[in-house]
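All ligand and atom numbering here is 1-based and tracks the order in the structure. All values derive from a computational prediction rather than experimental measurement.
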Amino acid sequence: MLYIYLIIIFIFGLLIGSFLNVVIFRLETEEKIVNDRSRCPNCKHILSWKDLFPVLSYVFLKGKCRYCQKKISIQYPLVELMTASFFVLIFSYFFSVTEKYFVANIIFYFFVISVFIVISVYDLRHYIIPDKVIYTAIIITALFNFIFFNSIFFNHLFSAIVAFGFFLTIIILTKGQGMGGGDAKLGFLMGLILGWPLVFLAIFFASVSGSIVGMALIIGKKKKIKSMIPFGPFLIFGTVLSIFYGEEIVRWYFDLFL
Ligand SMILES: [Zn+2]
């Protein structure tokens with residue numbers, strides 16, 4: 001029976017992923033999210049329903065526009081598949097934990113992962129974290145904590161302020177090289193989502209993974225030391241890891257050393 005749920009959640013994730021692609025595209029072109037119909041970004045031809053199936057349309061069209069043959073970015077099917085996979089992961093995680101308010105938790109983390117995917121793609125492509133997205137996420141997360149988990153509300157708010165202050169200090173000390181204001185706002189959001197001590201763990205994972213990838217890119221001569229690597233996707237990687245495995249890691253660490 002669970003398999004049927006998982007398949008439904010996966011398809012739902014593909015559809016949301018398809019919507020996230022629209023969100024990313026409209027953020028780039030500053031169009032309203034709910035505007036007219038989807039068009040090919042190259043030839044502006046209105047897309048038919050046959051072109052709008054997540055992943056499948058991309059495969060059948062061999063990654064090219066039906067009308068002008070221009071290559072479609074691999075970003076589209078990747079975002080759809082990632083969204084669907086994370087939705088399945090979130091659903092099975094909270095379904096098995098069966099915590100209090102697990103439906104609310106599942107819906108909330110669907111929202112969180114959607115925000116994270118939009119921010120990651122946008123940051124990788126444009127080296128900026130869109131304010132609209134991060135402010136919306138902060139407001140919804142604060143409301144979620146307040147309504148469902150008001151006992152942890154102040155812990156998480158405090159963590160958010162500490163994380164924000166921490167990043168702001170780094171930005172001031174390094175005179176804005178490497179990290180930007182968007183990363184500090186993302187730090188605030190991470191604190192709200194994770195609370196203490198998980199936010200610390202997430203920042204630790206982000207720094208380690210960021211350093212490893214940065215070094216690899218420099219050694220592989222794909223980047224120069226001075227050139228930019230967006231930090232947002234690493235912060236998000238650390239946060240996702242902490243959401244799923246954070247408590248286990250913290251417990252394991254204290255068993256080991258205390
Ligand atoms: Zn086209």
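- Note: Y58 and Y76 fail the aromatic proximity criterion, with ring centroids not under 6.0 Å apart.
- Ring centers of F91 and F95: under 6.0 Å apart, within the cut-off.
- Counting only protein N, O or S atoms, 4 lie closer than 2.8 Å to the Zn ion (ligand 1).
- Looking at every heavy atom in both residues, P230 comes nearest to P233 through O-CD, 3.7 Å.
- Taking the six-membered ring for Trp, F10 and F87 have ring centres at least 6.0 Å apart.
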Could you please spell out the steps behind the side-chain hydrogen bond (donor to acceptor under 3.5 Å, both in side chains) verdict for T141 and N145?
CA-CA 6 Å; T141 305; N145 286 348; over 6 Å; no
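- Between F148 and Y101, the distance from one ring center to the other falls under 6.0 angstrom.
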